[in-house]
Amino acid sequence: MKVHKEGTGLLLILFTILFIVNVTLYYAIGTGVAFYITAVVSAILFLLVLNFFRSPARHFPYDSEGLVIAPADGTIVAIEEVMEREILNRKCLQISIFMSVFNVHANWFPVNGTVKHVSHNKGRFMAAYLPKSSTENERSAVVITTRTGVDVLARQIAGAMARRIVTYAQVGEKCTVNEQMGFIKFGSRVDVYLPVDTEVLVEMDQKVTGNQTPIARLYKLPVQ
């Protein structure tokens, strides 16, 4: 399993700290109970962080034109019509995916198209599964315009444990569902805002896989 580039530096630092702690403890007290407990805890901690930063190689196996593909691994926690006032300023269908610390935290573009907008807003760090996290938490927003002219907004949202959102998207670049849009550290959420007449292909509490699970099918152009 490949390690994501966002985690290589942290993993190296963590390994170095744990190695020093365990070596110091070994020379201080030898191979006693305390040493073995510390070694086991260190190994578990390192493996948990390593698991968080895994970066599986994925490629959507079918024709993705007209489909909205899950931008992240996790659980569907919201499917509802909302008034998106921050960027699109219109009524949208919102589909939200909550990522636990055990999910892959790379984020993919949900549709093929051209990046129209990228922005970042500072905010709170409340639990990402709460509805208010969409508008009050630290967040980044990416708007992609599809080939047929539909604007799709994907919003990366920091959670209670997340303290850094990384967004790779740049305005004007072409993007596909097989490219990573960004990464969030640790535990977070991604909201996707679509035209209200979009066909939903998932249901509440469903587990989805980033870059693999179709979550919606686009139809008409958005109302101007």
Side-chain angles (χ1 to χ4, degrees), residues 1-59 69-78 96-108 122-130 132-134 136-140 154-168 178-191 202 204-213 215:
M1 178 69 71
K2 182 181 177 182
V3 175
H4 199 280
K5 63 182 181 180
E6 298 297 338
T8 51
L10 176 60
L11 285 166
L12 182 59
I13 293 172
L14 179 61
F15 178 83
T16 302
I17 292 173
L18 294 175
F19 179 79
I20 292 173
V21 168
N22 281 271
V23 169
T24 301
L25 191 61
Y26 173 78
Y27 281 107
I29 65 173
T31 56
V33 174
F35 170 77
Y36 287 118
I37 291 175
T38 302
V40 170
V41 171
S42 297
I44 292 174
L45 175 61
F46 184 79
L47 289 174
L48 285 173
V49 177
L50 179 64
N51 180 70
F52 178 87
F53 283 107
R54 66 194 186 278
S55 182
R58 294 178 182 171
H59 188 280
I69 312 302
D73 288 16
T75 304
I76 300 294
V77 294
S96 301
I97 301 170
F98 172 73
M99 294 174 281
S100 76
V101 294
F102 299 106
N103 290 125
V104 169
H105 269 59
N107 302 151
W108 286 264
K122 294 183 178 180
R124 302 170 63 185
F125 294 98
M126 67 176 70
Y129 58 80
L130 296 174
K132 286 186 177 181
S133 66
S134 295
E136 296 187 16
N137 277 22
E138 185 101 5
R139 59 200 180 276
S140 289
R155 179 173 283 133
Q156 299 170 281
I157 301 167
M161 294 179 64
R163 287 297 183 272
R164 187 184 177 200
I165 298 174
V166 182
T167 304
Y168 306 136
N178 290 315
E179 296 174 317
Q180 288 191 7
M181 181 177 69
F183 194 95
I184 312 178
K185 310 172 185 180
F186 289 86
S188 40
R189 164 176 174 153
V190 177
D191 293 346
V202 290
M204 288 292 292
D205 299 319
Q206 179 177 333
K207 303 294 184 183
V208 296
T209 303
N211 184 242
Q212 298 294 291
T213 308
I215 61 174

Subject >> 4.5 Å side-chain heavy-atom contact, Leu45 and Leu14 >> reply: yes
Subject >> His105 and Glu6: side chain donor to acceptor below 3.5 Å >> reply: no
Original post:
At their closest point, which heavy atom of Met99 faces which heavy atom of Arg189, and how far apart are they?
Top reply: CE-N, 3.7 Å
Original post:
Is Trp108 close to Ile69 at the side-chain level, that is, under 4.5 Å between some pair of heavy atoms?
Top reply: no
Original post:
Hey, does Val104 have a side-chain heavy atom less than 4.5 Å from the side chain of Pro56?
Top reply: yes
Original post:
Using the ring of each side chain (for Trp, its six-membered ring), is Phe15 parallel, tilted or perpendicular to Phe46, with breaks at 30° and 60°?
Top reply: perpendicular
Subject >> Val77 vs Ile97 side-chain heavy atoms within contact, under 4.5 Å >> reply: no
Original post:
About how many Å separate CZ of Phe98 and CG of Asp191, when rounded to the nearest 0.5 Å?
Top reply: 12.0 Å
Original post:
When you look at Leu12 and Thr8, which way does the side-chain contact (heavy atoms from CB on, under 4.5 Å) test go after all the steps?
Top reply: CA-CA 6 Å; Leu12 182 59; Thr8 51; over 6 Å; no
Original post:
Are the charged groups of Arg54 and Asp73 less than 4.0 angstrom apart, N to O?
Top reply: no
Original post:
Once you round to the nearest 0.5 Å, how far does CG of Asn211 lie from CG of Asn107?
Top reply: 11.5 Å
**OP:** Find the distance between CD1 (Ile184) and CZ (Arg139) and round it off to the nearest 0.5 Å.
**Re:** 13.0 Å
**OP:** First locate atom CD1 of Ile165, then atom CD of Gln156, and finally report the distance between them rounded to the nearest 0.5 Å.
**Re:** 6.0 Å
**OP:** Hey, could you give me the CD1/CG distance between Ile17 and Asn22, rounded to the nearest 0.5 Å?
**Re:** 12.0 Å
**OP:** Any chance you could measure Asn103, atom CG, to Asn51, atom CG, to the nearest 0.5 Å?
**Re:** 9.5 Å
**OP:** Decide yes or no for Ile29 and Leu25: does some side-chain heavy atom of the first lie under 4.5 Å from some side-chain heavy atom of the second?
**Re:** yes
